[in-house]
Amino acid sequence: MALRGQFGQQGRAGPFDPDTLVRQRPVPRDLKKAIGYIRDHLSGKMSIADLVAHCGVSERTLRKHFRKFMAVSPLKCWRQLRLAAARSCLLEGSNKTSITEVATRFGFSHFSRFAQDYRHHFGETPSSTLQRSRISGHERSSRPRNDDAGAVSVAPNGSRDRPSIAVLPLQNSAADPDCRAFGEYLADGMATALCRVRSLAIIVPKPSRFRLTDPRQCAPDVGARYLLAGRIAQAGNRLRVIIRLLDAETDAQVWGDSYDGEIKNLFGLADRITESVMRAILPQIRGSEIERARRKRPEDLAAYGLTMRAFAFVFASNPAAAKHALDLLYRAIEIEPDYAPATSLAAWCHAQLVLYNGTPSPAEDRKYALLLSERAGILDPDDPLVLTARCAVHTMAGQLDHARALISRTLELDPTLIWSWERSGWLNAYSGNAETAIRDFEQATKLDPRRPNANRLTGLGCAYFDAGRYEEAARWKRMALRDDPGTAWINRSLSVSYARLGDRLAALESIEALRRYSPDLTINKIVASLPFTQDFLNRVAEGLDDLGLSP
């Protein structure tokens, strides 16, 4: 990818000390102001002089900050975002959409040059994009829409492209007046709780607009991607509440559950339902968004869709998957240079290559990880996903105090984010706080009880290893390997766990699996890649040496 090449050239061009960069915590406010100004002028005129005047710094300083943190010049960033906006309109186009109108809307007056730049950037002509959009639009459901199919609007950036969910009024057949009011109270409570989640856009339609028995008939009027609907029934002194999450596009039920409670404790029932909904639907929506992106061809995806498509690879916890995710994430960043989630996840993928001994140049990948983390923090300092990815990166770099501040802020903003509890668990495991780490991983499992992933299982194994409970450590790490055989790096400490338990045959088999994973792996490389306590590392090094791994 061209962007990776720019990072590589920057790293080789001169001295770059990521530790100094992180300690100084530079926050170029002019860069943040410039990006906001660019976003506000995607459909208008803008010059570098306008940008400099708005930001209040010299042109040289502004260009320097763009090159350092965005890897592009200010005007190139503006042009890339305008091209991405035009593409978004064409991808959503219909028979009424005009390429000339779209190009003009985003300031491209030279149409042949627009077509040339578009093809260079996206690998196809604007007409090819629009034609494919018209075909797919014809094949989609003929459900009526209340928007103007020919309208041209500014394409959303990452923060505005988050999935939308409409909290519909609950259908209520209860006879008790208090129970009838309970339905409106419960819907308001769920909507209020969901509004605190920055990754969702919440829509609360007026109850008077809906008298339909099937909530899916409301989808065209609401304009949301997901519908949270429910039904309340009364039987004597008890209520039953059924809540469903529906995909408005496919009519599929994404999630559902039922709750029973006594009329005399309606507030307690409402709190229990709201907590359960918050815990359950966020992972379901994330999974649905990933599947939605997988159903589309890569050429039909914008930065958000490419990032969703990369998620499964980001969390696979092995170097091959991390490299595949980087290809998707760098493409997303090329389309939208200011898209913080893609930037932060790319940083974490570089960090994984270091942690899992999956790169011949760990120092370079460490640099890229830290630089991308800083960029993501500038682009969006309060996104819980971005904060969590950045915590993971700085944990990899051994900057545990900085990582702890990031994860504390994350859990303050969104205590339901499963990955945040996992990263908090890893941070405590690395810090030698084994029991706290175990509690954090257990909290992640409580939020997502369906099946713990390999990374969480490995974290539990490492925490038990640190506590000297080697039987438990081996058990959890075996489970992780069964869940994902690609995480063979687990054998670095699994083999030592077997050795500590006196099972030398299993220890030697584990070492052989580690050698197959990385034939040139040495004890020094392993120890250098892990940010655990010195006691943990000493035990690993001693065990690997006893099992015959090269120093």
Side-chain angles (χ1 to χ4, degrees), residues 165 186 189-190 192-194 196-200 228 241-245 254-261 267-290 311-312 314-317 384-385 387-389 391-392 395 403-404 406-431 433-467 469 472-473 475-480 482-484 487:
I165 176 171
L186 177 58
M190 290 189 297
T192 300
L194 289 168
R196 294 195 292 268
V197 181
R198 294 182 74 246
S199 60
L200 295 176
L228 188 64
V241 181
I242 298 174
I243 304 293
R244 295 187 296 162
L245 180 68
V254 178
W255 168 84
D257 206 348
S258 63
Y259 308 88
D260 293 326
F267 288 117
L269 178 60
D271 290 344
R272 179 158 56 89
I273 294 172
T274 300
E275 180 183 355
S276 175
V277 168
M278 288 290 293
R279 185 171 62 245
I281 70 171
L282 297 179
Q284 297 290 347
I285 289 177
R286 175 62 53 77
S288 180
E289 290 293 286
I290 292 171
F311 257 96
V314 170
F315 296 110
S317 300
L385 177 69
L387 286 165
T388 303
C391 165
T395 302
R404 190 169 290 107
L406 290 168
I407 205 64
S408 296
R409 175 63 174 155
T410 304
L411 292 173
E412 177 185 336
L413 290 168
D414 184 2
T416 68
L417 189 58
I418 298 165
W419 191 31
S420 299
W421 285 105
E422 291 179 356
R423 293 317 312 175
S424 181
W426 274 108
L427 178 58
N428 280 300
Y430 288 138
S431 302
N433 304 320
E435 297 304 323
T436 305
I438 292 169
R439 287 196 296 270
D440 287 344
F441 287 122
E442 289 175 345
Q443 176 64 19
T445 302
K446 181 181 177 182
L447 291 170
D448 182 24
R450 294 168 298 169
R451 189 188 70 168
N453 57 37
N455 192 270
R456 193 185 312 162
L457 294 168
T458 306
L460 280 164
C462 287
Y464 281 114
F465 183 99
D466 188 50
R469 298 161 65 179
E472 286 293 299
R475 182 170 72 89
W476 287 108
K477 292 190 176 188
R478 282 197 303 268
M479 290 173 61
R482 285 197 297 268
D483 180 77
D484 184 2
T487 56

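- Checked against side-chain hydrogen bond (donor to acceptor under 3.5 Å, both in side chains), Trp421 has no partners two or more places apart in sequence or in another chain.
- For Thr445, the side-chain contact (heavy atoms from CB on, under 4.5 Å) criterion is met by Pro452, Arg456, not counting sequence neighbours.
- Looking only at atom types and distance, the side chain of Thr487 has no donor-acceptor partner in the side chain of Ser317 under 3.5 Å away.
- The side-chain hydrogen bond (donor to acceptor under 3.5 Å, both in side chains) check on Ser431 picks up Arg404, with sequence neighbours excluded.
- Contact record, Asp484 with Ala454: CB-CB, 3.8 Å, taken as the closest heavy-atom pair.
- Inter-residue side-chain proximity for Leu228 and Leu194 is flagged as met; some heavy-atom pair is nearer than 4.5 Å.
- Annotation: the span from Leu186 atom CG to Thr274 atom OG1 amounts to 5.5 Å, rounded to 0.5 Å.
- By the 4.5 Å heavy-atom criterion applied to side chains, Thr458 and Trp476 are not counted as neighbours.
- With sequence neighbours excluded, the residues that form a side-chain contact (heavy atoms from CB on, under 4.5 Å) with Asp257 are Trp255, Tyr259, Ser276.
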Going through the distances and angles, do Leu245 and Ile165 end up as a side-chain contact (heavy atoms from CB on, under 4.5 Å)?
CA-CA 9 Å; Leu245 180 68; Ile165 176 171; 3.6 Å; yes

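- With rounding to the nearest 0.5 angstrom, the CG atom of Leu460 is 8.5 Å from the CE atom of Met479.
- Side-chain contact between Met190 and Ile281: absent, with no pair of heavy atoms (C-beta onward) separated by less than 4.5 Å.
- How far CG of Leu457 is from SG of Cys462: 11.0 Å, rounded to the nearest 0.5 Å.
- With sequence neighbours left out, the side-chain hydrogen bond (donor to acceptor under 3.5 Å, both in side chains) criterion links Arg469 to no other residue.
- Between the OG1 atom in Thr436 and the CZ atom in Phe441 there is a gap of 11.5 Å [rounded to 0.5 Å].
- With rounding to the nearest 0.5 Å, the separation of SG in Cys391 from CZ in Arg409 is 14.5 Å.
- Counting heavy atoms from C-beta outward, Leu427 and Arg423 have side chains that stay 4.5 Å or more apart.
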Evaluate side-chain contact (heavy atoms from CB on, under 4.5 Å) for Ser420 paired with Ile407, printing each intermediate quantity in order.
CA-CA 7 Å; Ser420 299; Ile407 205 64; 4.1 Å; yes

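- The existence of a salt bridge linking Glu289 and Arg286 is excluded, since no basic side-chain nitrogen approaches an acidic carboxylate oxygen closer than 4.0 Å.
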Test side-chain contact (heavy atoms from CB on, under 4.5 Å) on Ile285 and Val254 and set out the steps.
CA-CA 8 Å; Ile285 289 177; Val254 178; 5.7 Å; no

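- For the pair Thr388 (side chain) and Pro384 (backbone), a donor-acceptor distance under 3.5 Å is present.
- Ionic pairing of Arg439 and Glu442 is not present here: no N-O contact between side-chain nitrogen and carboxylate oxygen is shorter than 4.0 angstrom.
- The two atoms that bring Ala444 and Glu422 nearest to each other are CB-CG, 3.7 Å, heavy atoms only.
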Dump the intermediate steps for side-chain contact (heavy atoms from CB on, under 4.5 Å) on Arg279 and Thr416, then the final yes or no.
CA-CA 6 Å; Arg279 185 171 62 245; Thr416 68; 6.0 Å; no

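- The side-chain hydrogen bond (donor to acceptor under 3.5 Å, both in side chains) check on Thr395 picks up nothing, with sequence neighbours excluded.
- At a threshold of 4.5 Å between non-hydrogen side-chain atoms, the residues Pro283 and Ile418 count as touching.
- Nearest heavy atom pair, residue Ala437 against residue Ala429, reads CB-N, 3.6 Å.
- Taking all atoms of both residues into account, the shortest heavy-atom contact from Asp260 to Arg272 is O-NH2, 2.5 Å.
- Asn428 places no side-chain N or O within 3.5 Å of a backbone atom of Asn433 that could act as its donor or acceptor partner.
- Using a 3.5 Å distance cut-off with no hydrogens or angles, the side chains of Trp426 and Asp440 do not pair a donor with an acceptor.
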